[in-house]
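Letters go in sequence order (proteins before strands), and every chain restarts at 1. Keep in mind that what you see is a predicted model, and the values were worked out from it rather than measured. Values below: every heavy atom of this structure, side chains too, minus hydrogens, waters and symmetry copies.
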Amino acid sequence: MLDPRRLRSNLDDVAAALRRRGFELDTARFSALEEKRKALQVETQELQNERNTRSKAIGQAKARGEDIEPMRARVAEIGARLEQVAKALDEVQAELDGMLLEIPNIPHASVPDGEGEDDNVEVRRWGEPPAFEFKPLDHVALGELHGMDFAAASKLAGARFVVLQGPLARLHRALIQFMLDLHTQEHGYEEVYVPYLVNADSMRGTGQLPKFEQDLFALKGEQGFYLIPTAEVPVTNLARDEIIEARDLPRRLVAHTPCFRSEAGSYGKDVRGMIRQHQFEKVELVQLVPPAESYQALEALTGHAEAVLRRLELPYRVVTLCTGDMGFSAAKTYDIEVWLPGQERYREISSCSNFEDFQARRMQARWRNPETGKPELLHTLNGSGLAVGRCLVALLENCQEADGRIRLPEALRPYMGGQAYLEPRK
RNA sequence: GGAGGGUUGGCCGAGUGGUUGAAGGCACUGGUCUUGAAAACCAGCAGGGGUUAGCGCCCCUCCAGGGUUCGAAUCCCUGACCCUCCGCCA
């Protein structure tokens, strides 16, 4: 959520900034609502003031043993009027809040203008796409050799699921352990275990609700649970309604969770293989930092995600998302894209974003600024470190040998019982 | 699933209808004292919002939402969450 005060005082500037990312702010509607709100709020507060003052006087009169009946009648009148005005104010405020919740974040000045994926700007590359002396297979064909079973998954659940068998399932698990160990032991993150079902408040806090409900899986029943689409939701919401002391910052948290996404609106995209699933595993990095440090933290966090690919010896590039391709809540995002020989292109494997105070304002996540002594909004960041399924895909495709074996990078071998290769099952 | 207890400021904790936005303690900040630190003492210290050039003034908030009342942290109803005991259970 953007700062309502900023909207009030700089409406045109905000509208111009939002236009960069293709969002047209209805300034006329906002101004009209805001004007109504102001008038109603002032009137409400004046009436409340009068009621309070007179009620106090009644208390004092009563203590002196005076007759209070006439005074009571006057205050009752005020109360009746107050009720009407307050109701009108509530309605306007609700409409205004609804509008604010659907306005996306303002892109940082360093974010390039653009309309979509094609306008993203490459920042750097690492590693060389492997040169094969044979025709490399894609992960679906390789998966067939190693125990990746889409038919079984479709029987159990449907499309966009996978079953992994034997050593491949172990490799999948090994990747998770490796990533968690790297981030906790070398990058200073604290590992957390969190619920995979969350309430609507949490979804609102990070920005999935109210606008993107169709992307989520919601559970039947009265509890109002949603399946998390990413660990970002439970982990970032740890800070919701909290005031964190400056000495406890920055907070660096890492969690491994399954992620559940309905993928509504992506019909026909990536239907083959395990690139786009309803259920996948992810290791997520989250940082809570003082505002002055957030862009520095974004660079560091992106580096932590990159480190995973370097250790796994997988070639990748980093791109800055353009204004038109960024997510709703982000002020700036780097995508890390890994090379996939099966597709002969780089594909997203991590998305690292600084949300500035956009999420923090929604969830009232604050810190105590020692310079002012006051609670102020934090900046929140997160990034995949990494998406496990896609990492498995990249590993299969990049590390394949002519005979269908998969050469395991050194970093993973301790997690695979010392094996250097994954042998085909058939 | 059954029965009971609870939810107050950053934390702990008093407070059952009227200057209580809330005693006291801890933590924190500033000061006195000290070579320095600690201790002791003094002072300050909730959050959100409106309005104002500013000083300030005002409003809201004691889990949430309703209700009673001139007036609610305090009374009533509903809900959420936490705790204890019983049952069940990985």
Side-chain angles (χ1 to χ4, degrees), chain A residues 1-11 30-31 33-101 193-205 209 219 221-226 234 237-249 251 288 290 357 360-378:
Chain A
M1 194 162 98
L2 300 178
D3 186 351
R5 276 170 298 199
R6 185 166 170 193
L7 280 156
R8 277 176 219 146
S9 54
N10 295 306
L11 188 57
F30 180 83
S31 303
L33 282 172
E34 178 53 24
E35 203 174 313
K36 265 198 228 169
R37 188 227 96 227
K38 192 164 168 174
L40 287 168
Q41 183 163 347
V42 169
E43 190 178 355
T44 303
Q45 295 190 354
E46 279 169 357
L47 287 169
Q48 284 170 330
N49 183 14
E50 200 169 338
R51 184 197 59 191
N52 292 347
T53 311
R54 287 173 188 270
S55 289
K56 237 173 230 178
I58 290 177
Q60 288 165 346
K62 202 175 169 190
R64 288 191 300 266
E66 296 170 10
D67 177 23
I68 58 172
E69 280 314 312
M71 302 171 83
R72 266 165 77 154
R74 291 268 336 242
V75 184
E77 267 172 54
I78 295 170
R81 264 187 66 207
L82 177 61
E83 204 172 327
Q84 287 181 352
V85 180
K87 193 179 164 220
L89 176 62
D90 280 350
E91 284 167 8
V92 170
Q93 193 64 61
E95 201 176 340
L96 211 44
D97 288 346
M99 191 176 175
L100 283 168
L101 281 175
Y193 170 81
V194 292
Y196 304 156
L197 305 179
V198 298
N199 55 34
D201 282 343
S202 296
M203 288 295 186
R204 242 187 311 276
L209 290 180
L219 265 61
E222 286 161 22
Q223 292 129 320
F225 287 142
Y226 292 89
N237 272 280
L238 286 171
R240 172 150 55 88
D241 296 322
E242 299 289 337
I243 299 171
I244 300 175
E245 293 301 330
R247 62 171 172 270
D248 296 325
L249 292 175
R251 291 275 278 151
L288 309 169
D357 63 12
R361 182 170 296 103
R362 287 175 162 242
M363 65 173 86
Q364 287 301 301
R366 295 174 294 175
W367 69 303
R368 197 172 290 279
N369 183 346
E371 284 175 26
T372 61
K374 295 286 179 190
E376 295 173 12
L377 294 173
L378 285 164

Problem - Length of the NZ-P vector between Lys374(A) and G9(B), whole Å - result: 17 Å
Problem - Nucleotide paired to U69(B) in any strand shown, Watson-Crick or G-U, under 3.5 Å - result: none
Problem - Partner nucleotide of A80(B) by Watson-Crick or wobble geometry (both distances under 3.5 Å) - result: U7(B)
Practice task
Not counting sequence neighbours, which residues clear side-chain hydrogen bond (donor to acceptor under 3.5 Å, both in side chains) with Asn10(A)? List them please.
Solution key: none
Handout entry: P-based separation of C76(B) from C85(B) [nearest Å]
Key = 28 Å
Exercise for the section: Pick the P atom in G65(B) and in U52(B), then give their distance to the nearest Å. Expected result: 28 Å
Exercise for the section: Considering only atom P, compute the distance from U8(B) to G15(B) and round it to an integer number of Å. Expected result: 14 Å
Completion exercise
Taking a pair to mean Watson-Crick or G-U wobble geometry with both distances below 3.5 Å, G44(B) pairs with C28(B)
Practice task
In whole angstrom, give the distance that lies between atom CD of Gln60(A) and atom P of C70(B).
Solution key: 18 Å
Practice task
Please identify each residue that fulfils side-chain hydrogen bond (donor to acceptor under 3.5 Å, both in side chains) with Arg8(A), with sequence neighbours left out.
Solution key: Glu34(A)
Completion exercise
Trp367(A) CH2 to C28(B) P, in whole Å, measures 18 Å
Shorter than 3.5 Å, N or O on both sides, protein versus nucleotides 51-55 of chain B: list them out with atom names.
from	atom 1	to	atom 2	distance (Å)
U51(B)	OP1	Lys38(A)	NZ	3.2

Practice task
Applying salt bridge (Lys or Arg N to Asp or Glu O under 4.0 Å), name anything that partners Arg51(A), two or more places apart in sequence or on another chain.
Solution key: none
Practice task
Just call it for Pro370(A): base, sugar-phosphate, or nothing, with non-hydrogen atoms closer than 4.0 Å on any strand.
Solution key: nothing
Practice task
Look at the side-chain N and O atoms of Arg366(A) and state whether any lies under 4.0 Å from the OP1 or OP2 oxygen of G48(B).
Solution key: yes
Problem - Test side-chain hydrogen bond (donor to acceptor under 3.5 Å, both in side chains) applied to Asp90(A) - qualifying residues, sequence neighbours left out - result: none
Fill in the blank from the handout: Side-chain contact check for Ile58(A): nearest option of C59(B), C70(B), G47(B) is C70(B)
Handout entry: Phosphate OP1/OP2 of G49(B) contacted by Arg5(A) side-chain N/O (<4.0 Å)
Key = yes
For nucleotides 71-76 of chain B, which of its nitrogen or oxygen atoms have a protein nitrogen or oxygen under 3.5 Å away, and what is each distance?
from	atom 1	to	atom 2	distance (Å)
G71(B)	O4'	Ser55(A)	OG	3.2

Exercise for the section: Count the heavy atoms belonging to other residues, nucleotides or ligands that lie under 6.0 Å from CD of Glu66(A), then report whether that count exceeds 12. Expected result: yes
Exercise for the section: Can you tell me the distance, in whole Å, between the CG atom of Leu249(A) and the C1' atom of G10(B)? Expected result: 14 Å
Fill in the blank from the handout: Winner on side-chain proximity to Gln48(A), out of G49(B), G47(B), C60(B), is C60(B)
Problem - C57(B) - base-pair partner by Watson-Crick or wobble geometry, distances under 3.5 Å - result: G50(B)
Problem - Nearest-angstrom distance from the residue atom CZ of Arg72(A) to C1' of G17(B) - result: 13 Å
Practice task
Write down the distance separating the C1' atoms in C63(B) and G47(B), rounded off to the nearest Å.
Solution key: 16 Å
Fill in the blank from the handout: When Asp90(A) and Thr53(A) are each assigned the nearest nucleotide of RNA chain B, the 5'-most assignment goes to Thr53(A)
Problem - side-chain N/O Asn49(A) vs C59(B) OP1/OP2, d < 4.0 Å - result: yes
Fill in the blank from the handout: So, with a heavy-atom separation below 4.0 Å from RNA chain B, the residues of residues 92-99 of chain A are none
Handout entry: Under-3.5 Å donor-acceptor pair between Gln45(A) side chain and G49(B) base
Key = yes
Fill in the blank from the handout: Sequence neighbours excluded, the answer for side-chain hydrogen bond (donor to acceptor under 3.5 Å, both in side chains) partners of Gln60(A) is none
Completion exercise
Whole-Å distance, Arg240(A) CZ to C63(B) P, equals 18 Å
Handout entry: Side chain Arg251(A), main chain Leu288(A), donor-acceptor under 3.5 Å
Key = no
Practice task
Return the set of residues passing side chain to side chain contact (heavy atoms under 4.5 Å, CB included) with Asn49(A) (not counting sequence neighbours), or none when no residue passes.
Solution key: Thr53(A)
Handout entry: Pairing partner (Watson-Crick or G-U wobble, both distances under 3.5 angstrom) of G87(B)
Key = none
Handout entry: Between G5(B) and C75(B) - P atom distance, rounded Å
Key = 14 Å
Exercise for the section: Verify the neighbour count for atom CD of Glu245(A): are there more than 12 heavy atoms of other residues, nucleotides or ligands below 6.0 Å? Expected result: yes
Practice task
Taking atom P in both C45(B) and U29(B), compute the distance separating them and give it to the nearest angstrom.
Solution key: 16 Å
Handout entry: U68(B) and U74(B), which share atom name P, separated by this distance in whole Å
Key = 15 Å
Handout entry: Flag, side chain of Arg368(A) to backbone of Ile243(A), donor-acceptor distance under 3.5 Å
Key = no
Problem - Nucleotide G48(B), atom C1' - distance to CG of Asp3(A) in whole Å - result: 13 Å
Exercise for the section: Between C62(B) and C12(B), how far apart are the C1' atoms? Round to whole Å, please. Expected result: 15 Å
Exercise for the section: Check salt bridge (Lys or Arg N to Asp or Glu O under 4.0 Å) between Glu69(A) and all other residues, then give those that pass, not counting sequence neighbours. Expected result: Arg72(A)
Exercise for the section: List for me each residue that meets salt bridge (Lys or Arg N to Asp or Glu O under 4.0 Å) alongside Arg5(A), sequence neighbours excluded, and say none if there are none. Expected result: Asp3(A)
Practice task
May I have the distance from Arg368(A) (atom CZ) to A46(B) (atom C1'), rounded to whole angstrom?
Solution key: 8 Å
Fill in the blank from the handout: Those residues at least two apart in sequence (or on a different chain) that pass salt bridge (Lys or Arg N to Asp or Glu O under 4.0 Å) with Glu43(A) are Arg81(A)
Exercise for the section: Check every atom of U69(B), G47(B), C60(B) against the side chain of Asn52(A) and return the nucleotide holding the closest atom. Expected result: C60(B)
Exercise for the section: Identify whether any heavy atom of Gln364(A) sits under 4.0 Å from a base atom; if not, whether one sits that close to sugar-phosphate; answer base, sugar-phosphate or nothing. Expected result: nothing
Exercise for the section: Taking atom types as modelled, find out whether Asn199(A) and Ser202(A) have a side-chain donor-acceptor pair closer than 3.5 angstrom. Expected result: yes
